[in-house]
Participant: 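Structure incoming, see below.
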Protein chains: 2
Amino acid sequence: MEDKYPGLKLGNQLCFPLYACSREIVKKYKPFLDELDLTYTQYITMMVLWEKEQINVKELGECLYLDSGTLTPLLKKLETKGWVTRRRAREDERVLIVSLTEEGRKLRDRAAVVPEKMSCCVKLSPEEARTLYTLLYKMLGECC
Amino acid sequence: MEDKYPGLKLGNQLCFPLYACSREIVKKYKPFLDELDLTYTQYITMMVLWEKEQINVKELGECLYLDSGTLTPLLKKLETKGWVTRRRAREDERVLIVSLTEEGRKLRDRAAVVPEKMSCCVKLSPEEARTLYTLLYKMLGECC
DNA sequence: TAAAACAAAATTGCACACAATGAAATTTAC
DNA sequence: GTAAATTTCATTGTGTGCAATTTTGTTTTA
């Protein structure tokens, strides 16, 4: 009776610790990101822009595994804060190009401490972290 | 210039693939859970109840890493669907006890196929899956 | 070349998550 | 014995996520 459906036990799920862990880590980021007036999703969006300077919504969505339903309002907020600009591509008016502003670039310097601060809260060895990283990207690449 | 802050590159983050992977897998569940009229969060809640038959909100929140702000409306929905009942504990009126109904128990039989169906979409070897599972619980336990 | 097909964002609606606050019951400290 | 602190759940407000649809623009095709 107890184990009629072992696959339905929370402790036998791979997805559940993934889901819980993801949320717990994002929560850990909050105090550091609050200081920058960024949410986690806004943070990873800025991360893409710090690397690429400008990108369109479609490509950004592919980078972050997010769609326009999430990105459109988020990018408007980042625009309001003055960190990005949004404009249509001249050669194809359907495409919206998001660009980093000078203010957005400055934010990067302030954000530089976040990864260090976070690193002390991940208690895995460098090797374990690398293994985890590899397995996650394997799942992300092959299954999703 | 390019690598002024390597810690701020998306590709150097451990959190990002965790976050993306979690959402992608939950998305994979959707078609199967739709057939049961369950969301993913409702599904893991029912999973706890299928194991324990009854539990109070506080303990449920500890199991799932969720708080009452998420659970209260979710449990009301599960009650509306007829799968759980909600009542206060007589010995301590602050405590709300959630119990599985007969209908909720029946749902378990229909849900039994979900883990099988999902397993074909995780492309990790059993050993890799076990490693991932262990590392995730290590993070969840020690860091969060 | 006009209509149909396609593509990219935006919009809408629903369901979380979660911080912050509130309300009610219980426990603790004096 | 009661005021203060604590505990438990509910409520509120903000910000995602995402499916489905709409709008606008571009490309293809008959």
Side-chain angles (χ1 to χ4, degrees), chain A residues 16 19-34 36-46 55-81 84 86-98 144, chain B residues 16 18-34 36-46 55-62 64-81 84 86-98 144:
Chain A
F16 172 68
Y19 165 77
C21 211
S22 165
R23 284 183 298 109
E24 290 299 313
I25 303 247
V26 168
K27 221 180 290 182
K28 286 272 178 200
Y29 270 97
K30 189 170 190 315
F32 308 131
L33 296 182
D34 276 351
L36 306 176
D37 191 23
L38 282 175
T39 64
Y40 181 74
T41 316
Q42 291 167 7
Y43 174 62
I44 58 175
T45 302
M46 291 304 294
I55 191 171
N56 67 52
V57 173
K58 179 184 159 63
E59 285 167 353
L60 183 58
E62 285 165 0
C63 284
L64 299 176
Y65 296 85
L66 290 170
D67 74 356
S68 69
T70 302
L71 289 175
T72 296
L74 185 148
L75 291 169
K76 285 181 179 173
K77 263 170 230 160
L78 290 180
E79 187 178 42
T80 302
K81 296 184 211 261
V84 309
R86 301 162 68 249
R87 68 173 198 285
R88 295 281 168 180
R90 194 169 310 185
E91 66 277 15
D92 186 342
E93 290 282 338
R94 290 171 306 182
V95 175
L96 190 136
I97 301 173
V98 184
C144 311
Chain B
F16 172 68
L18 198 59
Y19 165 77
C21 212
S22 165
R23 285 182 298 109
E24 290 299 314
I25 304 248
V26 167
K27 220 181 291 182
K28 287 273 180 199
Y29 270 97
K30 189 169 189 317
F32 307 132
L33 296 182
D34 276 351
L36 306 176
D37 191 22
L38 280 175
T39 64
Y40 181 74
T41 316
Q42 290 168 8
Y43 174 60
I44 58 176
T45 301
M46 291 304 294
I55 191 171
N56 67 51
V57 173
K58 177 184 160 63
E59 287 167 353
L60 183 58
E62 285 165 359
L64 300 177
Y65 296 83
L66 291 170
D67 73 356
S68 68
T70 303
L71 289 175
T72 297
L74 186 148
L75 291 169
K76 285 181 179 174
K77 261 171 232 161
L78 291 180
E79 187 178 41
T80 303
K81 295 184 212 262
V84 309
R86 300 162 68 249
R87 68 172 198 286
R88 296 280 169 178
R90 193 169 312 183
E91 65 279 13
D92 186 342
E93 288 283 338
R94 292 171 304 182
V95 176
L96 190 136
I97 301 173
V98 184
C144 309

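All chains are named by letter (A, B, ...) in the order of the sequence lines, taking the proteins before the strands, and each is independently numbered beginning at 1.
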Participant: Measure from the side chain of B/Lys77, starting at C-beta and using heavy atoms only, and say which of D/dT24, C/dA15, C/dC18 lies closest.
Facilitator: C/dA15
Participant: Taking only the side-chain heavy atoms of A/Arg88 (C-beta and beyond), determine which of C/dC18, D/dT16, C/dA9 contains the nearest atom.
Facilitator: C/dA9
Participant: Output the single nucleotide from D/dT24, D/dA10, D/dG17 whose closest atom is nearest the side chain of A/Arg94.
Facilitator: D/dT24
Participant: Return the nearest nucleotide to the side chain of B/Val95; candidates are C/dA15, D/dC9, C/dC18.
Facilitator: D/dC9
Participant: What is the distance, rounded to the nearest whole Å, between atom CG of B/Asp34 and atom C1' of C/dA15?
Facilitator: 12 Å
Participant: Give one of base, sugar-phosphate or nothing for A/Ser68, where a contact means two heavy atoms less than 4.0 Å apart.
Facilitator: base
Participant: Taking the minimum atom-to-atom distance to the side chain of B/Val57, which one of D/dC9, C/dA10, D/dG25 wins?
Facilitator: D/dC9
Participant: Of all the choices, C/dA25, D/dG25, D/dG17, which nucleotide is nearest to the side chain of A/Glu93 once you look at every atom?
Facilitator: D/dG25
Participant: Taking the side chain of A/Asn56 as its heavy atoms from C-beta onward, which of C/dA9, C/dA17, D/dT8 lies nearest to it?
Facilitator: C/dA9
Participant: Check every atom of C/dA10, D/dT26, C/dA17 against the side chain of A/Tyr19 and return the nucleotide holding the closest atom.
Facilitator: C/dA17
Participant: Can you check whether B/Lys76 has a side-chain N or O nearer than 4.0 Å to OP1 or OP2 of D/dT11?
Facilitator: yes
Participant: Can you tell me how the ring of B/Phe16 sits relative to the ring of A/Tyr65, calling it parallel under 30°, perpendicular over 60° and tilted otherwise?
Facilitator: tilted
Participant: What is the nucleic acid contact for A/Asp67, judged by heavy atoms within less than 4.0 Å: base, sugar-phosphate only, or nothing?
Facilitator: base
Participant: Is there a side-chain contact between A/Thr72 and the phosphate of C/dA10, meaning an N or O under 4.0 Å from OP1 or OP2?
Facilitator: yes
Participant: Mind telling me whether B/Tyr19 and A/Tyr40 have parallel, tilted or perpendicular rings, with 30° and 60° as the class edges?
Facilitator: perpendicular
Participant: What is the nucleic acid contact for A/Leu74, judged by heavy atoms within less than 4.0 Å: base, sugar-phosphate only, or nothing?
Facilitator: sugar-phosphate
Participant: Within less than 4.0 Å of OP1 or OP2 of C/dA17, is there a side-chain N or O belonging to B/Thr41?
Facilitator: yes
